[in-house]
Amino acid sequence: MTHDDTAPVYGSAVTKVEPFGVDHIPDNERHGKPSSQFFVWFAAGLNFPIILLGFSAVGLGLSFGAAVAAIVAGAGLGSLLMAVMSRMGVRLGVPQQIQARGPLGFFGNFLPVAYINVFAGVGWAAVTVILGGKAIAELTHLPFWVCGLVLTLVELVVSIYGYNMINFLQRVLTYVLTPLFVMITVVALVRGAGTFDADPKAPDYVGSTGGWITFGGWFLSFLVAWAPFASDYSRYLPDSPRVVSRTAWYTGLGNFVTICWLGILGVLLGSNATSTDSITALHQLTGPFAIPALVAIGLSALAQNFLNVYGGAISIQTLKVPVTRTQAVTLICALAYGISLWGHAGIEDKFSVFLNLTAYFIAPFATVLLLDYHLGGRSDPGRIAELYDRGRVLSWGFVAWAGGVVASVPFWQSDLYTGAFAAAHPHAGDLSMFVAAAAAAVLYLLTYRLRPLWTRDVPATTEPRPEKTAAVAGS
(Lines give C-alpha, C1' and ligand atoms only; values in the text may rest on other atoms or scores of the structure.)
Protein backbone atom coordinates (compact mmCIF):
# COMPACT_ATOMS: atom_id res chain seq x y z
CA MET A 1 0.00 0.00 0.00
CA THR A 2 1.01 3.62 -0.22
CA HIS A 3 3.33 4.78 2.55
CA ASP A 4 1.54 7.47 4.57
CA ASP A 5 4.12 8.60 7.14
CA THR A 6 5.16 12.23 7.00
CA ALA A 7 8.89 11.48 6.75
CA PRO A 8 9.90 10.06 3.35
CA VAL A 9 11.29 6.54 3.21
CA TYR A 10 13.36 7.24 0.09
CA GLY A 11 13.36 10.99 -0.50
CA SER A 12 16.25 12.38 -2.52
CA ALA A 13 18.96 10.02 -1.21
CA VAL A 14 21.25 9.08 -4.10
CA THR A 15 23.08 6.20 -2.41
CA LYS A 16 19.97 4.52 -1.01
CA VAL A 17 18.38 1.65 -2.93
CA GLU A 18 14.99 2.72 -4.23
CA PRO A 19 12.31 0.84 -2.25
CA PHE A 20 9.47 1.39 -4.75
CA GLY A 21 8.71 -0.71 -7.79
CA VAL A 22 5.44 -0.15 -9.65
CA ASP A 23 3.85 1.58 -6.67
CA HIS A 24 2.06 4.88 -6.72
CA ILE A 25 4.48 7.48 -5.34
CA PRO A 26 2.83 9.31 -2.42
CA ASP A 27 3.10 13.05 -1.88
CA ASN A 28 5.65 12.77 0.93
CA GLU A 29 8.07 11.00 -1.44
CA ARG A 30 7.77 13.58 -4.23
CA HIS A 31 10.98 15.51 -4.81
CA GLY A 32 13.27 16.95 -7.47
CA LYS A 33 13.10 19.66 -10.14
CA PRO A 34 11.63 19.56 -13.65
CA SER A 35 15.06 20.38 -15.07
CA SER A 36 16.15 16.86 -14.11
CA GLN A 37 14.19 15.58 -17.12
CA PHE A 38 16.36 17.56 -19.50
CA PHE A 39 19.49 15.78 -18.25
CA VAL A 40 17.85 12.35 -18.25
CA TRP A 41 16.85 12.54 -21.91
CA PHE A 42 19.68 14.71 -23.23
CA ALA A 43 22.27 12.20 -21.98
CA ALA A 44 20.23 9.26 -23.28
CA GLY A 45 20.07 10.86 -26.74
CA LEU A 46 23.82 11.31 -27.09
CA ASN A 47 24.57 8.15 -29.04
CA PHE A 48 26.35 7.26 -32.24
CA PRO A 49 23.51 5.28 -33.89
CA ILE A 50 21.70 8.59 -34.44
CA ILE A 51 24.66 9.73 -36.56
CA LEU A 52 24.50 6.44 -38.47
CA LEU A 53 20.80 7.00 -39.16
CA GLY A 54 21.75 10.33 -40.67
CA PHE A 55 24.08 8.57 -43.11
CA SER A 56 21.00 6.96 -44.71
CA ALA A 57 19.85 10.21 -46.31
CA VAL A 58 22.34 9.80 -49.17
CA GLY A 59 21.25 6.21 -49.83
CA LEU A 60 17.62 7.31 -49.99
CA GLY A 61 18.51 9.96 -52.55
CA LEU A 62 17.29 12.88 -50.46
CA SER A 63 18.71 16.36 -50.79
CA PHE A 64 20.46 17.86 -47.79
CA GLY A 65 17.61 20.30 -47.16
CA ALA A 66 14.94 17.60 -47.38
CA ALA A 67 16.90 15.35 -45.01
CA VAL A 68 17.27 18.09 -42.41
CA ALA A 69 13.56 18.93 -42.65
CA ALA A 70 12.68 15.25 -42.17
CA ILE A 71 14.87 15.00 -39.07
CA VAL A 72 13.38 18.15 -37.54
CA ALA A 73 9.85 16.91 -38.26
CA GLY A 74 10.49 13.41 -36.86
CA ALA A 75 12.37 14.71 -33.81
CA GLY A 76 9.76 17.39 -33.20
CA LEU A 77 6.83 15.00 -33.27
CA GLY A 78 8.65 12.43 -31.15
CA SER A 79 9.76 15.04 -28.62
CA LEU A 80 6.20 16.31 -28.32
CA LEU A 81 5.05 12.75 -27.59
CA MET A 82 7.74 12.33 -24.94
CA ALA A 83 6.89 15.70 -23.38
CA VAL A 84 3.21 14.84 -22.99
CA MET A 85 3.85 11.36 -21.63
CA SER A 86 6.47 12.62 -19.18
CA ARG A 87 4.02 15.13 -17.68
CA MET A 88 1.56 12.26 -17.16
CA GLY A 89 4.06 10.74 -14.73
CA VAL A 90 4.13 13.91 -12.65
CA ARG A 91 0.36 14.05 -12.49
CA LEU A 92 -0.30 10.40 -11.66
CA GLY A 93 2.88 9.32 -9.89
CA VAL A 94 3.00 5.87 -11.52
CA PRO A 95 5.06 4.34 -14.35
CA GLN A 96 3.75 4.52 -17.91
CA GLN A 97 3.23 0.77 -17.99
CA ILE A 98 0.91 0.93 -14.97
CA GLN A 99 -0.99 3.81 -16.58
CA ALA A 100 -1.78 1.50 -19.49
CA ARG A 101 -3.86 -0.68 -17.16
CA GLY A 102 -6.45 2.08 -17.31
CA PRO A 103 -7.52 1.80 -20.96
CA LEU A 104 -6.39 -1.80 -21.54
CA GLY A 105 -7.40 -3.49 -18.30
CA PHE A 106 -5.27 -5.09 -15.58
CA PHE A 107 -4.58 -8.27 -17.56
CA GLY A 108 -5.28 -6.81 -21.00
CA ASN A 109 -2.14 -4.76 -20.42
CA PHE A 110 0.03 -7.88 -20.15
CA LEU A 111 0.56 -8.63 -23.85
CA PRO A 112 1.54 -5.13 -25.01
CA VAL A 113 3.77 -4.60 -21.96
CA ALA A 114 5.37 -8.01 -22.46
CA TYR A 115 6.27 -7.17 -26.05
CA ILE A 116 6.67 -3.43 -26.01
CA ASN A 117 8.48 -2.96 -22.74
CA VAL A 118 10.10 -6.24 -21.71
CA PHE A 119 11.09 -7.38 -25.19
CA ALA A 120 12.00 -3.87 -26.31
CA GLY A 121 13.80 -3.12 -23.03
CA VAL A 122 15.94 -6.25 -23.33
CA GLY A 123 16.50 -5.66 -27.05
CA TRP A 124 17.54 -2.03 -26.70
CA ALA A 125 19.78 -2.91 -23.76
CA ALA A 126 21.48 -5.58 -25.89
CA VAL A 127 21.94 -3.21 -28.85
CA THR A 128 23.51 -0.64 -26.57
CA VAL A 129 25.81 -3.15 -24.85
CA ILE A 130 27.01 -4.23 -28.30
CA LEU A 131 27.82 -0.70 -29.46
CA GLY A 132 29.41 0.32 -26.17
CA GLY A 133 31.26 -2.98 -25.83
CA LYS A 134 32.68 -2.74 -29.35
CA ALA A 135 33.91 0.78 -28.63
CA ILE A 136 35.60 -0.26 -25.38
CA ALA A 137 37.09 -3.36 -27.03
CA GLU A 138 38.57 -1.18 -29.77
CA LEU A 139 39.95 1.18 -27.14
CA THR A 140 41.41 -1.44 -24.77
CA HIS A 141 42.01 -4.40 -27.13
CA LEU A 142 40.18 -6.63 -24.66
CA PRO A 143 37.75 -9.30 -25.90
CA PHE A 144 34.22 -8.09 -26.61
CA TRP A 145 32.72 -10.43 -24.00
CA VAL A 146 34.82 -8.80 -21.27
CA CYS A 147 33.94 -5.25 -22.32
CA GLY A 148 30.25 -6.08 -22.64
CA LEU A 149 30.28 -7.72 -19.23
CA VAL A 150 31.86 -4.66 -17.59
CA LEU A 151 29.19 -2.40 -19.09
CA THR A 152 26.44 -4.76 -18.02
CA LEU A 153 27.68 -4.95 -14.42
CA VAL A 154 27.80 -1.15 -14.12
CA GLU A 155 24.27 -0.91 -15.51
CA LEU A 156 23.15 -3.63 -13.11
CA VAL A 157 24.42 -1.85 -10.01
CA VAL A 158 23.11 1.59 -10.98
CA SER A 159 19.69 0.25 -11.97
CA ILE A 160 19.39 -1.58 -8.66
CA TYR A 161 19.99 1.69 -6.83
CA GLY A 162 17.25 3.12 -9.03
CA TYR A 163 15.61 6.43 -9.69
CA ASN A 164 17.74 8.91 -7.72
CA MET A 165 21.05 7.34 -8.74
CA ILE A 166 20.00 7.31 -12.40
CA ASN A 167 18.94 10.96 -12.28
CA PHE A 168 22.23 11.92 -10.63
CA LEU A 169 24.42 10.03 -13.11
CA GLN A 170 22.49 11.27 -16.15
CA ARG A 171 23.31 14.82 -15.06
CA VAL A 172 26.99 13.89 -14.62
CA LEU A 173 27.07 12.11 -17.98
CA THR A 174 25.51 15.14 -19.68
CA TYR A 175 28.42 17.29 -18.52
CA VAL A 176 30.99 14.62 -19.50
CA LEU A 177 29.49 13.54 -22.82
CA THR A 178 28.57 16.95 -24.22
CA PRO A 179 32.17 18.18 -24.77
CA LEU A 180 33.14 14.76 -26.13
CA PHE A 181 30.33 14.82 -28.69
CA VAL A 182 31.13 18.45 -29.51
CA MET A 183 34.67 17.26 -30.24
CA ILE A 184 33.33 14.44 -32.45
CA THR A 185 31.19 17.00 -34.26
CA VAL A 186 33.97 19.51 -34.88
CA VAL A 187 36.54 16.92 -35.94
CA ALA A 188 34.12 15.07 -38.19
CA LEU A 189 32.95 18.28 -39.86
CA VAL A 190 36.52 19.40 -40.50
CA ARG A 191 37.47 15.98 -41.89
CA GLY A 192 34.75 15.62 -44.49
CA ALA A 193 31.30 17.14 -44.20
CA GLY A 194 29.30 18.50 -47.04
CA THR A 195 25.86 19.18 -48.43
CA PHE A 196 24.39 17.38 -51.45
CA ASP A 197 21.52 17.43 -53.93
CA ALA A 198 18.74 14.89 -54.46
CA ASP A 199 19.84 11.77 -56.34
CA PRO A 200 17.14 9.66 -58.05
CA LYS A 201 19.84 7.09 -58.90
CA ALA A 202 20.64 6.39 -55.21
CA PRO A 203 20.49 2.67 -54.29
CA ASP A 204 17.52 3.00 -51.90
CA TYR A 205 15.64 5.75 -53.73
CA VAL A 206 11.85 5.35 -53.40
CA GLY A 207 10.82 8.81 -54.48
CA SER A 208 11.23 12.18 -52.80
CA THR A 209 8.05 11.93 -50.74
CA GLY A 210 8.40 8.29 -49.74
CA GLY A 211 12.06 8.72 -48.88
CA TRP A 212 11.28 11.80 -46.80
CA ILE A 213 8.54 9.96 -44.84
CA THR A 214 10.73 6.91 -44.28
CA PHE A 215 13.79 8.91 -43.23
CA GLY A 216 11.89 11.18 -40.84
CA GLY A 217 10.05 8.14 -39.50
CA TRP A 218 13.30 6.56 -38.36
CA PHE A 219 14.03 9.50 -36.07
CA LEU A 220 10.45 9.53 -34.85
CA SER A 221 10.74 5.77 -34.19
CA PHE A 222 13.79 6.33 -32.02
CA LEU A 223 11.78 8.55 -29.68
CA VAL A 224 8.60 6.47 -29.94
CA ALA A 225 10.65 3.59 -28.53
CA TRP A 226 11.28 5.65 -25.37
CA ALA A 227 7.62 6.59 -24.92
CA PRO A 228 6.58 3.63 -22.70
CA PHE A 229 9.29 4.69 -20.21
CA ALA A 230 8.69 8.45 -20.18
CA SER A 231 6.75 8.61 -16.89
CA ASP A 232 9.21 6.31 -15.12
CA TYR A 233 11.65 9.20 -14.67
CA SER A 234 9.15 11.94 -13.81
CA ARG A 235 6.80 10.17 -11.40
CA TYR A 236 8.66 11.33 -8.29
CA LEU A 237 8.40 15.03 -9.17
CA PRO A 238 5.96 17.15 -7.08
CA ASP A 239 2.51 17.35 -8.64
CA SER A 240 1.83 21.03 -9.26
CA PRO A 241 0.76 22.90 -12.42
CA ARG A 242 4.13 24.64 -12.67
CA VAL A 243 6.10 21.40 -12.34
CA VAL A 244 3.84 19.57 -14.80
CA SER A 245 4.29 22.28 -17.42
CA ARG A 246 8.04 22.66 -16.99
CA THR A 247 8.57 18.90 -16.98
CA ALA A 248 7.01 18.72 -20.44
CA TRP A 249 9.22 21.51 -21.77
CA TYR A 250 12.45 20.09 -20.34
CA THR A 251 11.67 16.57 -21.54
CA GLY A 252 10.83 17.72 -25.05
CA LEU A 253 13.87 19.98 -25.28
CA GLY A 254 16.29 17.30 -24.04
CA ASN A 255 15.10 14.88 -26.69
CA PHE A 256 14.79 17.36 -29.55
CA VAL A 257 18.24 18.90 -29.23
CA THR A 258 20.21 15.65 -29.26
CA ILE A 259 18.23 13.97 -32.05
CA CYS A 260 18.48 17.01 -34.33
CA TRP A 261 22.13 17.67 -33.50
CA LEU A 262 23.46 14.19 -34.16
CA GLY A 263 21.01 13.38 -36.94
CA ILE A 264 21.95 16.45 -38.97
CA LEU A 265 25.63 15.75 -38.29
CA GLY A 266 25.13 12.29 -39.78
CA VAL A 267 23.49 13.81 -42.86
CA LEU A 268 26.42 16.19 -43.35
CA LEU A 269 28.87 13.32 -43.12
CA GLY A 270 26.87 10.79 -45.11
CA SER A 271 28.20 11.73 -48.53
CA ASN A 272 31.73 10.75 -47.45
CA ALA A 273 30.93 7.71 -45.27
CA THR A 274 32.33 4.47 -46.72
CA SER A 275 31.36 2.03 -43.95
CA THR A 276 28.15 1.13 -42.15
CA ASP A 277 30.06 -0.52 -39.29
CA SER A 278 29.73 1.86 -36.36
CA ILE A 279 33.29 1.61 -35.06
CA THR A 280 34.91 1.72 -38.52
CA ALA A 281 32.81 4.75 -39.36
CA LEU A 282 33.82 6.40 -36.10
CA HIS A 283 37.52 5.92 -36.93
CA GLN A 284 37.01 7.37 -40.39
CA LEU A 285 35.22 10.40 -39.04
CA THR A 286 37.51 11.22 -36.12
CA GLY A 287 40.93 9.99 -37.27
CA PRO A 288 43.59 10.87 -34.67
CA PHE A 289 40.86 11.83 -32.22
CA ALA A 290 39.36 8.33 -32.25
CA ILE A 291 40.35 7.54 -28.66
CA PRO A 292 38.22 10.22 -26.94
CA ALA A 293 35.48 9.43 -29.47
CA LEU A 294 35.53 5.77 -28.41
CA VAL A 295 35.37 6.86 -24.77
CA ALA A 296 32.28 8.89 -25.63
CA ILE A 297 30.57 5.91 -27.25
CA GLY A 298 31.37 3.66 -24.29
CA LEU A 299 30.01 6.16 -21.77
CA SER A 300 26.95 6.94 -23.87
CA ALA A 301 26.04 3.26 -23.71
CA LEU A 302 25.65 3.67 -19.95
CA ALA A 303 23.48 6.77 -20.33
CA GLN A 304 21.08 4.82 -22.54
CA ASN A 305 21.08 1.52 -20.73
CA PHE A 306 20.39 2.88 -17.26
CA LEU A 307 16.97 3.73 -18.69
CA ASN A 308 16.54 0.54 -20.71
CA VAL A 309 17.35 -1.76 -17.81
CA TYR A 310 15.39 0.17 -15.19
CA GLY A 311 12.34 0.52 -17.45
CA GLY A 312 12.50 -3.13 -18.45
CA ALA A 313 12.57 -4.20 -14.80
CA ILE A 314 9.49 -2.11 -14.03
CA SER A 315 7.80 -3.78 -16.99
CA ILE A 316 8.48 -7.24 -15.58
CA GLN A 317 6.88 -6.20 -12.30
CA THR A 318 3.90 -4.78 -14.19
CA LEU A 319 3.36 -8.31 -15.52
CA LYS A 320 2.99 -9.52 -11.90
CA VAL A 321 6.04 -11.77 -12.19
CA PRO A 322 6.82 -12.57 -8.51
CA VAL A 323 10.24 -10.93 -8.34
CA THR A 324 11.66 -7.88 -6.63
CA ARG A 325 12.91 -4.95 -8.68
CA THR A 326 16.49 -6.05 -7.96
CA GLN A 327 15.77 -9.51 -9.33
CA ALA A 328 14.04 -8.03 -12.37
CA VAL A 329 17.04 -5.77 -13.07
CA THR A 330 19.35 -8.78 -12.83
CA LEU A 331 17.18 -10.75 -15.26
CA ILE A 332 17.08 -7.90 -17.81
CA CYS A 333 20.87 -7.48 -17.64
CA ALA A 334 21.52 -11.22 -17.99
CA LEU A 335 19.23 -11.51 -21.03
CA ALA A 336 20.66 -8.39 -22.68
CA TYR A 337 24.24 -9.57 -22.16
CA GLY A 338 23.46 -13.01 -23.55
CA ILE A 339 21.83 -11.51 -26.66
CA SER A 340 24.79 -9.15 -27.13
CA LEU A 341 27.18 -12.12 -27.31
CA TRP A 342 25.01 -13.68 -30.01
CA GLY A 343 24.20 -10.58 -32.03
CA HIS A 344 27.23 -8.30 -31.95
CA ALA A 345 28.14 -9.10 -35.56
CA GLY A 346 26.19 -7.05 -38.11
CA ILE A 347 24.53 -4.97 -35.39
CA GLU A 348 23.74 -2.06 -37.71
CA ASP A 349 21.33 -4.12 -39.84
CA LYS A 350 19.73 -5.67 -36.75
CA PHE A 351 19.35 -2.19 -35.25
CA SER A 352 17.27 -0.87 -38.15
CA VAL A 353 14.99 -3.94 -38.13
CA PHE A 354 14.50 -3.72 -34.38
CA LEU A 355 13.84 0.03 -34.54
CA ASN A 356 10.99 -0.46 -37.00
CA LEU A 357 9.34 -3.44 -35.31
CA THR A 358 9.21 -1.81 -31.89
CA ALA A 359 7.73 1.40 -33.33
CA TYR A 360 4.95 -0.50 -35.11
CA PHE A 361 3.72 -1.85 -31.77
CA ILE A 362 4.46 1.17 -29.58
CA ALA A 363 2.76 3.83 -31.73
CA PRO A 364 -0.81 2.49 -31.14
CA PHE A 365 0.05 1.82 -27.48
CA ALA A 366 1.07 5.45 -26.96
CA THR A 367 -1.99 6.66 -28.87
CA VAL A 368 -4.38 4.75 -26.61
CA LEU A 369 -2.63 6.04 -23.47
CA LEU A 370 -2.74 9.65 -24.63
CA LEU A 371 -6.40 9.55 -25.63
CA ASP A 372 -7.38 7.81 -22.40
CA TYR A 373 -5.54 10.42 -20.36
CA HIS A 374 -7.08 13.40 -22.12
CA LEU A 375 -10.52 12.09 -23.13
CA GLY A 376 -11.11 9.12 -20.86
CA GLY A 377 -10.65 11.00 -17.59
CA ARG A 378 -7.46 9.19 -16.62
CA SER A 379 -5.78 12.48 -15.65
CA ASP A 380 -7.82 12.44 -12.44
CA PRO A 381 -5.54 11.26 -9.58
CA GLY A 382 -8.67 10.05 -7.81
CA ARG A 383 -8.82 7.17 -10.27
CA ILE A 384 -5.34 5.84 -9.56
CA ALA A 385 -6.76 2.95 -7.51
CA GLU A 386 -8.37 1.61 -10.70
CA LEU A 387 -4.89 0.92 -12.07
CA TYR A 388 -4.35 -1.67 -9.33
CA ASP A 389 -7.83 -3.23 -9.57
CA ARG A 390 -7.54 -6.86 -10.66
CA GLY A 391 -11.29 -6.90 -11.23
CA ARG A 392 -10.88 -4.81 -14.39
CA VAL A 393 -9.57 -7.75 -16.41
CA LEU A 394 -9.89 -6.53 -20.01
CA SER A 395 -10.97 -3.17 -21.43
CA TRP A 396 -11.64 -1.86 -24.91
CA GLY A 397 -8.28 -0.10 -25.09
CA PHE A 398 -6.74 -3.51 -25.72
CA VAL A 399 -8.91 -3.87 -28.81
CA ALA A 400 -7.84 -0.42 -29.98
CA TRP A 401 -4.16 -1.28 -29.50
CA ALA A 402 -4.41 -4.68 -31.17
CA GLY A 403 -6.52 -3.26 -33.99
CA GLY A 404 -3.92 -0.58 -34.63
CA VAL A 405 -1.15 -3.18 -34.88
CA VAL A 406 -3.18 -5.41 -37.22
CA ALA A 407 -4.18 -2.48 -39.44
CA SER A 408 -0.51 -1.52 -39.86
CA VAL A 409 0.71 -4.97 -40.99
CA PRO A 410 0.09 -4.40 -44.75
CA PHE A 411 2.25 -1.27 -44.49
CA TRP A 412 5.24 -2.85 -42.71
CA GLN A 413 8.65 -2.33 -44.30
CA SER A 414 11.24 -4.60 -42.75
CA ASP A 415 13.85 -7.13 -43.78
CA LEU A 416 11.83 -9.64 -41.75
CA TYR A 417 8.49 -8.89 -43.41
CA THR A 418 7.17 -6.51 -46.03
CA GLY A 419 3.43 -5.92 -46.10
CA ALA A 420 1.26 -6.12 -49.21
CA PHE A 421 0.70 -2.37 -49.49
CA ALA A 422 4.38 -1.59 -48.91
CA ALA A 423 5.40 -4.11 -51.58
CA ALA A 424 2.91 -2.74 -54.11
CA HIS A 425 3.57 0.95 -53.37
CA PRO A 426 7.19 1.36 -52.22
CA HIS A 427 7.20 5.02 -53.27
CA ALA A 428 4.71 5.81 -50.47
CA GLY A 429 7.40 5.30 -47.85
CA ASP A 430 6.98 3.58 -44.50
CA LEU A 431 3.51 4.57 -43.27
CA SER A 432 3.18 1.78 -40.69
CA MET A 433 3.45 3.86 -37.52
CA PHE A 434 0.99 6.45 -38.73
CA VAL A 435 -1.57 3.86 -39.84
CA ALA A 436 -1.23 2.02 -36.53
CA ALA A 437 -1.74 5.22 -34.52
CA ALA A 438 -4.70 6.36 -36.65
CA ALA A 439 -6.47 2.99 -36.49
CA ALA A 440 -5.96 2.78 -32.72
CA ALA A 441 -7.34 6.31 -32.33
CA VAL A 442 -10.48 5.50 -34.31
CA LEU A 443 -11.12 2.28 -32.39
CA TYR A 444 -10.54 4.00 -29.06
CA LEU A 445 -12.95 6.83 -29.88
CA LEU A 446 -15.60 4.30 -30.89
CA THR A 447 -15.32 2.23 -27.72
CA TYR A 448 -13.96 4.24 -24.79
CA ARG A 449 -17.38 5.02 -23.36
CA LEU A 450 -18.39 1.34 -23.32
CA ARG A 451 -18.24 -0.81 -20.22
CA PRO A 452 -15.09 -2.95 -19.83
CA LEU A 453 -15.04 -6.12 -21.89
CA TRP A 454 -14.39 -8.36 -18.90
CA THR A 455 -14.68 -7.71 -15.19
CA ARG A 456 -14.73 -10.05 -12.23
CA ASP A 457 -15.49 -9.83 -8.56
CA VAL A 458 -12.46 -9.23 -6.39
CA PRO A 459 -12.47 -10.74 -2.89
CA ALA A 460 -12.73 -8.20 -0.12
CA THR A 461 -9.25 -9.11 1.09
CA THR A 462 -7.74 -7.98 -2.22
CA GLU A 463 -9.74 -4.83 -2.88
CA PRO A 464 -8.20 -2.38 -5.34
CA ARG A 465 -5.36 -0.36 -3.87
CA PRO A 466 -1.87 0.73 -4.83
CA GLU A 467 0.48 -2.21 -4.44
CA LYS A 468 2.96 -2.70 -1.64
CA THR A 469 6.52 -1.57 -1.92
CA ALA A 470 8.22 -3.80 -4.47
CA ALA A 471 11.33 -4.26 -2.39
CA VAL A 472 9.18 -5.88 0.25
CA ALA A 473 6.36 -7.49 -1.67
CA GLY A 474 8.00 -8.13 -5.02
CA SER A 475 5.10 -6.61 -6.90
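Quick caveat, the model's predicted, so the values are computed rather than measured.
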Would a 4.5 Å heavy-atom cut-off, applied to side chains only, mark [X] and [Y] as touching?
{"X": "P112", "Y": "F361", "answer": "no"}
{"X": "D430", "Y": "Y360", "answer": "yes"}
{"X": "D27", "Y": "D239", "answer": "no"}
{"X": "I136", "Y": "L142", "answer": "no"}

Heavy-atom donor-acceptor pair, S245 side chain to P241 backbone, under 3.5 Å: no
Please confirm whether the backbone N or O of G89 pairs with a side-chain atom of S231, one donor and one acceptor, at under 3.5 Å? yes
Within a 6.0 Å radius of atom [atom1] on [X], are there more than 12 heavy atoms belonging to other residues, nucleotides or ligands?
{"X": "F289", "atom1": "CZ", "result": "no"}
{"X": "F42", "atom1": "CZ", "result": "yes"}
{"X": "I291", "atom1": "CD1", "result": "no"}
{"X": "F64", "atom1": "CZ", "result": "yes"}
{"X": "F168", "atom1": "CZ", "result": "no"}

Aromatic ring proximity, centroids under 6.0 angstrom, F219 and F222: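 No - the distance between ring centres of F222 and F219 does not fall below the 6.0 Å cut-off.
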Can a side-chain donor-acceptor contact be found between [Y] and [X] if the only test is distance below 3.5 angstrom?
{"X": "N308", "Y": "N305", "answer": "yes"}
{"X": "S234", "Y": "Q37", "answer": "no"}
{"X": "T185", "Y": "W261", "answer": "yes"}

Check the angle between the aromatic planes of Y233 and Y310 and answer parallel, tilted or perpendicular using the 30° and 60° thresholds. tilted
State whether F106 and R101 meet the cation-pi test: NZ (Lys) or CZ (Arg) under 6.0 Å from the six-membered ring centroid, and within 45° of the perpendicular axis. yes
